[in-house]
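Report on the following structure.
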Amino acid sequence: MSPQESLPISDLIPDLKLTLQKTSTAIVEAPPGAGKSTVLPLELLNESWLEGQKILMLQPRRLAAKAVAARMADLLGEKVGQTVGYRVRFETQVSSVTRIEVVTEGILTRILQSDPELSGIGLIIFDEFHERSLQADLALALSREVQQVLREDLKLLIMSATLDGEGLSRLLDDAPVLTSAGRSYPVAVRYLPRDLDGPLPALTAGVVSRALDEESGDVLAFLPGSWEIQRTLFILQERHPQLSLHALYGELPQAEQQAALLPDPQGRRKVVLATTIAETSLTIEGIRVVIDSGYTRIPRFDPRTGLSRLETVRVTLDAAIQRAGRAGRLGPGVCYRMWSEVTQNQLQASRPPEIMEADLAPLVLDLAQWGVKDPAALSWLTLPPTAALRQARDVLENLRAISGGTITPRGKSLLKYPTHPRLAHLLMEGEAAGQGALAADVAALLEERDPLPRDTGSDLYMRVEALRRWRAKQGTEGDVAALKRTERLAQQWRRLLKVPEENTRPTHEQLGLMLAWAYPERVAKLREGEHLRYRLANGRGVRLKEHDPLQGEPWLAVAHLDSGTDEGRIFLASILNIFELKADFREVETVSWDSRSGTLVARKDTRYLELVVESTRISHIPEEQRIQVLCQALRSEGLHLLSWNETSLQWQARVQSLHLWRTSEGWPDVSDQALLDTLDSWLGPFLQNVRKRDDFQKLDLPSILTGLLPWDLASRLDDLAPPRLEVPSGFKVQLQYFKDGSTPVLAVKLQEMFGLLDTPKVNGGRTPVLLHLLSPARRPVQVTQDLRSFWQNTYPEVRKELRVRYPKHPWPEDPWTATATRGVKRRDP
DNA sequence: CTCTCCCT
């Protein structure tokens with residue numbers, strides 16, 4: 001029996017009918033090709049529990065939604081729009097007798113928002129749920145709440161192709177799982193003995209050649225992106241000129257995509273190099289051999305910047321299975337996996353659900369409309385991550401769509417435009433400004449693929465011009481398929497806004513303003529002295545590619561950019577007249593320290609978010625602010641701006657030592673850090689006349705520091721931590737204190753200490769100083785804290801050596817009774 | 001080497 005004649009899903013139908021009669025939520029697990037999408041809805045249509053209500057079936061793709069509806073209608077011998085209809089954005093085929101509506105995922109959210117009771121709907125089927133799209137996750141969360149709160153009779157059926165029905169069931173309060181077999185043919189998998197290393201195109205081309213040699217039939221190879229596809233194509237063209245070779249990826253013009261899907265008209269052997277587009281979205285006729293390079297490109301949304309960037313990563317296990325399955329649609333097939341069995345065992349099971357990695361601004365706006373401030377109030381399969389939620393709220397607050405987490409009237413209006421809130425904002429503002437036709441063109445261009453080749457530069461103006469010239473039949477620049485798609489979308493926006501098409505030339509400034517409506521935080525200002533580098537209104541750095549036509553423009557409104565590690569790159573932008581955004585300007589007076597000139601600068605800035613539009617110098621500076629800024633300058637440049645000398649440094653070390661030694665007496669902490677932390681209070685009052693760096697040096701630091709000590713402590717300072725000590729020679733010798741409280745050092749010539757028995761002490765007699773005993777030439781002879789022991793044990797040895805080297809100096813055998821001296825031997829009288 | 005793939 002051929003697979004086309006049997007539908008494995010049929011075996012499961014009686015069971016499913018019974019299950020849905022008893023429970024409100026069920027899971028059907030069936031691999032692709034089981035026939036579930038068309039057979040199940042029709043089978044369930046006349047169940048008594050449905051009470052004549054409608055079935056909604058969700059599909060992740062528009063194309064699939066229409067195709068599934070068409071197949072079902074066909075099975076009933078009807079046209080689409082009778083019993084079976086569909087709804088996708090801007091396109092509806094339903095009538096008053098329609099019982100099954102196939103809808104794309106975003107549509108369900110809209111239906112729920114407009115009628116939370118889902119009147120007249122008895123069952124919602126989530127098809128391809130294993131894809132875990134953001135929209136499907138949201139729709140399920142909302143539907144479950146409806147089921148729990150408003151509609152206990154509402155049934156949910158989740159259909160999934162993957163193996164983890166059990167996990168899904170746990171998350172859905174142990175909903176029953178029904179499993180069906182697929183109808184695909186076996187695919188033999190061949191692994192490499194070990195992982196290869198090197199550029200992917202050359203490796204893939206090698207495996208393609210090998211497969212052509214070993215196997216018969218057409219070949220489909222999966223590569224991460226268009227660059228690798230083009231490189232591989234180039235290599236294979238040289239090597240196999242007789243083959244029918246095709247690339248297949250989303251950006252390719254329609255005709256080339258079609259050629260890749262159909263069998264070669266001349267009957268040649270076909271090799272198709274494709275991206276993930278061939279995993280689920282497009283099916284290629286007659287493939288028997290699949291080659292999986294093992295890599296795929298995915299977007300990573302960075303919540304810090306609100307931007308996403310593409311990364312090339314290893315395929316996940318479920319994608320690898322899906323890819324291999326593409327070889328078994330017509331008969332037994334073969335799949336070459338370009339990795340080893342060791343790597344196979346380390347593959348991740350599946351990609352994280354989209355909700356983990358996506359821009360959540362649309363979701364947050366939908367939740368706000370639903371009346372939910374905190375997403376945790378709903379039950380999710382995967383809770384949306386907090387960093388992305390925060391970023392989404394920022395964006396929506398910027399668009400004034402929410403305020404304090406609650407939806408505003410403006411936010412409610414945005415939801416009337418079926419698109420991302422940013423583009424909705426553009427359309428709404430454009431409409432209000434009487435520029436609806438242009439807003440429609442710009443919104444369409446922003447959403448569709450770029451019609452111009454990538455070396456055109458980043459100016460949006462050229463895209464608008466290309467679209468309008470093509471529409472007015474005045475010329476064709478760029479990809480016609482992309483222009484067609486864009487125009488179709490623009491037309492739908494015009495219909496919604498009720499405006500006629502316009503083909504005149506817009507001004508650059510109009511375009512800039514429109515982009516700023518959609519991306520207010522991506523207004524960019526050229527950096528001083530640069531022609532490619534800009535700063536965004538949110539503070540990030542971005543740059544144009546070399547030779548971009550927009551280079552040197554003082555202001556840009558940026559639409560698309562990537563989040564590079566350091567500087568993002570601008571892909572699409574427009575010239576902007578920043579004064580068009582006057583309503584959002586703020587005036588800010590700033591006093592700052594210019595560390596280059598070492599002066600105080602006061603300015604009045606006109607700002608747009610973080611960017612300075614205009615800046616004028618002002619002369620008057622409020623005293624309090626000036627002192628604050630001076631203190632900040634000291635913090636950033638350091639205490640050395642002040643006129644520290646030996647005396648003040650030693651004062652600091654002495655007081656700090658006492659602070660550390662005598663903790664109970666209230667000696668203040670005068671470490672550098674503590675001084676910096678308390679600048680405003682101890683130094684502030686002395687800064688009246690400071691305007692520039694040199695003025696700091698003129699301050700009388702020693703007397704300012706003295707003010708830090710309360711009177712009673714000040715009077716004890718010289719006693720407890722004397723700056724100098726008198727030694728037996730009669731001289732006063734400087735003591736060296738340390739900020740970390742280590743033992744103060746008395747560096748003194750050995751001979752000046754004759755006659756002294758014990759080590760001198762400071763700190764009220766508690767701390768013997770550390771003696772650095774010096775030779776007559778001031779070379780260190782000994783370091784000790786115990787003078788008595790030195791005289792007894794070490795001095796005799798030292799003496800022997802020193803009397804030879806310094807014979808003119810006295811080296812008495814008995815240092816205790818000798819007279820201390822600084823000079824040479826006194827001549828005997 | 002910007003450009004995987006979708007969706008209201």
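Residue numbering restarts at 1 for every chain, and letters A, B, ... go by the order of the sequence lines.
- When each of A:R449 and A:P362 is assigned the nucleotide of DNA chain B bearing its nearest heavy atom, the one mapping closer to the 5' terminus is A:R449.
- In the set B:dC6, B:dT4, B:dT8, B:dC6 carries the atom at the smallest distance from any side-chain atom of A:R61.
- Contact check, A:T104 against B:dT8: a side-chain N or O comes under 4.0 Å of OP1 or OP2.
- The shortest distance between side-chain heavy atoms of A:L389 and A:R393 falls below 4.5 Å.
- In this structure, the nucleotide among B:dT2, B:dT4, B:dC7 sitting nearest to the side chain of A:F571 is B:dT2.
- Note: CG (A:D292) to P (B:dT4) measures 17 Å, nearest angstrom.
- No engagement by A:T296 is indicated, since no non-hydrogen atom pair under 4.0 Å with the nucleic acid exists.
- Across the protein-nucleic acid pair, A:W227 atom CH2 and B:dC1 atom C1' stand 7 Å apart, rounded to whole Å.
- When rounded to the nearest whole Å, the span between CZ of A:F301 and P of B:dT2 equals 22 Å.
- Within 4.0 Å of A:H420, counting heavy atoms only, lies at least one base atom of the nucleic acid.
- Across the protein-nucleic acid pair, A:Q257 atom CD and B:dT4 atom P stand 13 Å apart, rounded to whole Å.
- Side chains of A:Y249 and A:Q230: a donor on one and an acceptor on the other come within 3.5 Å.
- Side-chain contact, A:H420 with A:D359: a donor N or O sits under 3.5 Å from an acceptor N or O.
- Rounded to whole Å, the distance from CG on A:L446 to C1' on B:dC6 is 17 Å.
- For the atom pair A:D292 CG and A:R323 CZ, the distance stands at 4.5 Å (nearest 0.5 Å).
- The separation between A:F222 atom CZ and B:dT4 atom P is 15 Å, rounded to whole Å.
- Proximity note for A:S226 (side chain, C-beta onward) versus B:dT4, B:dC6, B:dT8: the nearest is B:dT4.
- Between the side chains of A:D366 and A:T109, not a single donor N or O lies within less than 3.5 Å of an accepting N or O.
- Atom CD of A:E117 sits in a sparse spot, with 12 or fewer heavy atoms from other residues, nucleotides or ligands closer than 6.0 Å.
- Of the candidate nucleotides B:dC5, B:dC1, B:dT8, B:dT8 has the atom nearest to the side chain of A:V88.
- Among the atoms of the strands shown, only primed sugar atoms or phosphate atoms (P, OP1, OP2) are found under 4.0 Å from some heavy atom of A:P60.
- Between A:T275 and the phosphate of B:dC5, there is a side-chain N or O to OP1/OP2 separation shorter than 4.0 Å.
- Separating the CG atom of A:L223 from the P atom of B:dC5 is a distance of 12 Å, rounded to the nearest angstrom.
- A:Y417 comes within contact range of no nucleotide atom at all, as no heavy-atom separation falls under 4.0 Å.
- Between B:dT2, B:dT8, B:dT4, one nucleotide has an atom nearer to the side chain of A:E447 than all others, and that is B:dT8.
- Taking only distance into account, the side chain of A:R110 meets the base of B:dT8 through a donor-acceptor pair shorter than 3.5 Å.
- Taking only side-chain nitrogens and oxygens, A:R62 comes nearer than 4.0 Å to OP1 or OP2 of B:dT8.
- Nearer to the 5' terminus of DNA chain B, by closest-nucleotide assignment, is the contact made by A:L248 (compared with the other of A:L248 and A:D366).
- Rounded to an integer number of Å, the gap from CZ of A:R87 to P of B:dC7 is 17 Å.
- A:I277 comes within contact range of the sugar-phosphate backbone alone, with a heavy-atom separation under 4.0 Å but no base atom that close.
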